[in-house]
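To start, the structure under review is shown below, and the notes come after it.
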Amino acid sequence: MNAQTESFSITGPVGQLECALDLPDSAQFPTPRGLALVAHPHPLFGGTMDNKVAHTLARGFLALGYVAVRMNFRGVGKSEGVHDEGRGETDDMAALLAHMRQQYPDLPLALGGFSFGTFVQAQLQQRLIADNTPAERLVLVGTAAGKWPMPTVAANSILIHGELDETIPLSAVFEWARPQDIPVIVIPGADHFFHRRLQHIKNLMVEMWHR
């Protein structure tokens with residue numbers, strides 16, 4: 001992401017997992033406001049932690065003063081293991097959270113995900129709720145409604161979707177969000193990967209965070 005990005009690895013459930021850490025601007029945020037974990041899109045279709053939307057989510061969290069951490073799920077990049085249809089990937093993200101909590105035990109937690117990553121983060125949130133340690137907020141971009149069995153999420157979740165998403169139709173997201181009474185922010189003209197419209201994601205995150 002930038003010259004200050006720190007690459008590191010952790011021991012996950014099935015081997016080493018490749019990770020990347022970015023810290024917010026220390027001049028603007030002498031003390032980080034929170035910890036954010038970012039999940040990338042589907043590994044079998046080229047998804048990695050270097051995906052542009054995953055990068056943009058991380059930048060949004062940095063602008064909010066959050067420590068932003070990304071990882072390559074099992075079988076991606078230098079991460080060991082093989083794809084596990086979301087189950088093992090949720091385990092991977094839980095391992096990353098446990099690792100980061102050693103460093104930042106008391107910071108508020110946020111979870112961000114893109115496409116397949118939204119499914120992983122929503123599942124992780126369910127585990128955290130069961131443990132009475134839920135993330136304070138989710139930011140879900142290209143929510144994987146209709147692709148995977150998305151759990152319900154809290155009313156303060158920020159949902160961003162492209163009007164012209166050809167991978168996850170906007171109508172499927174509406175059907176999932178409607179019974180939860182959660183607004184969906186639609187970016188006109190945006191496709192699934194938000195080509196030429198990535199800046200809206202970061203701007204909307206910052207704008208919506210304190211509402």
Side-chain angles (χ1 to χ4, degrees), residues 1-5 20 22 24-25 28 33-34 36-73 76-77 89 93 110-122 125 135 137-148 150 153-178 180-211:
M1 180 181 293
N2 54 54
Q4 288 73 44
T5 299
D22 286 281
D25 181 7
Q28 186 178 3
R33 290 182 174 176
L37 272 55
V38 175
H40 67 69
H42 204 295
L44 300 186
F45 299 95
T48 77
M49 67 178 181
D50 293 323
N51 169 268
K52 290 182 179 180
V53 178
H55 267 291
T56 303
L57 276 165
R59 290 192 182 100
F61 283 121
L62 291 174
L64 290 163
Y66 280 60
V67 175
V69 192
R70 294 165 289 132
M71 67 178 298
N72 274 333
F73 290 130
V76 178
E89 287 76 11
M93 193 59 68
L111 302 176
F114 169 47
S115 194
F116 172 79
T118 66
F119 174 54
V120 171
Q121 298 293 46
Q125 176 73 329
R137 200 160 206 180
L138 273 64
V139 181
L140 306 180
V141 179
T143 303
K147 289 283 187 182
W148 294 277
M150 286 290 298
V153 295
N156 71 344
S157 299
I158 298 175
L159 310 181
I160 302 173
H161 212 81
E163 177 196 14
L164 305 180
D165 192 321
E166 71 291 349
T167 302
I168 303 168
L170 182 58
S171 59
V173 179
F174 283 155
E175 289 177 13
W176 172 75
R178 188 178 298 115
Q180 303 179 67
D181 195 25
I182 301 177
V184 179
I185 303 168
V186 180
I187 298 180
D191 61 13
H192 186 61
F193 294 99
F194 295 85
H195 293 306
R196 297 185 296 278
R197 289 172 173 81
L198 286 169
Q199 75 278 7
H200 293 308
I201 296 172
K202 175 185 173 182
N203 294 341
L204 286 165
M205 287 176 64
V206 174
E207 178 184 347
M208 297 298 296
W209 195 260
H210 301 295
R211 288 193 180 185

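- Among all heavy-atom pairs drawn from L170 and G162, the shortest one is CB-O, 4.4 Å.
- Formation of a donor-acceptor pair under 3.5 Å by the N51 side chain with backbone atoms of G47 is not found in this model.
- Taking OG from S157 and CD from Q121, the interatomic distance works out to 11.5 Å, rounded to the nearest 0.5 Å.
- Within the model, atoms NZ of K202 and CZ of F61 stand 13.0 Å from one another, a figure rounded to the nearest 0.5 Å.
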**Request:** Check step by step if side-chain contact (heavy atoms from CB on, under 4.5 Å) holds for F194 and T56.
**Result:** CA-CA 10 Å; F194 295 85; T56 303; over 6 Å; no
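- Interatomic distance, OG1 of T143 versus CZ of F116, reported as 14.0 Å (0.5 Å rounding).
- Scanning for ring pair (Phe, Tyr, Trp, His ring centres under 6.0 Å) contacts around H40 gives F73, with sequence neighbours left out.
- The shortest heavy-atom contact between A58 and A68 is O-CB, 3.8 Å.
- By the 4.5 Å heavy-atom criterion applied to side chains, T118 and V141 are not counted as neighbours.
- Side-chain contact check for L204 versus I187: some heavy-atom pair is nearer than 4.5 Å.
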**Prompt:** Does the pair H210 and L64 meet the rule for a side-chain contact (heavy atoms from CB on, under 4.5 Å), with working shown?
**Reply:** CA-CA 10 Å; H210 301 295; L64 290 163; 4.3 Å; yes
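- Considering only heavy atoms from C-beta on, L57 comes within 4.5 Å of M205 through its side chain.
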**Asked** Checking side-chain contact (heavy atoms from CB on, under 4.5 Å) for the pair M71/L37: CA distance, chi angles, key distance, verdict?
**Response** CA-CA 8 Å; M71 67 178 298; L37 272 55; over 6 Å; no
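- The shortest non-hydrogen separation linking E175 to R178 is CA-NH1, 3.7 Å.
- For the pairing with L159, the side-chain contact (heavy atoms from CB on, under 4.5 Å) check across V186, I185, V184 returns one residue only, V184.
- For the pair V153 and Q180, the minimum side-chain heavy-atom distance is below 4.5 Å.
- Using modelled atom types and a 3.5 Å distance limit, the side chains of S115 and H42 yield no donor-acceptor pair.
- In this structure, the ring of H55 has its center no less than 6.0 angstrom from the ring center of F114.
- Separation of atoms CD1 (I158) and CG (L140) is listed at 9.5 Å; rounding is to 0.5 Å.
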**Message:** I'd like to know whether M208 forms a side-chain contact (heavy atoms from CB on, under 4.5 Å) with I160, so could you lay out the CA-CA distance, the side-chain angles of the two residues, the decisive distance to 0.1 Å, and finally the verdict.
**Reply:** CA-CA 11 Å; M208 297 298 296; I160 302 173; over 6 Å; no
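- Between H192 and I168 there is a side-chain heavy-atom pair separated by less than 4.5 Å.
- Side chain of E163 to main chain of A190: no donor-acceptor pair is present (N/O by atom type, distance under 3.5 Å, no hydrogens or angles).
- Put simply, the side chain of H161 does not reach to within 4.5 Å of the side chain of F174, judged on heavy atoms.
- At a threshold of 4.5 Å between non-hydrogen side-chain atoms, the residues W176 and I182 do not count as touching.
- Once rounded to the nearest 0.5 Å, the distance linking CD of Q28 with CG of L62 reads 10.5 Å.
- Using a distance-only test at 3.5 Å, with no hydrogens or angles considered, no donor-acceptor pair links the side chain of R70 to the main chain of T48.
- Distance CG/L111 to CG/L138: 5.0 Å, rounded to 0.5 Å.
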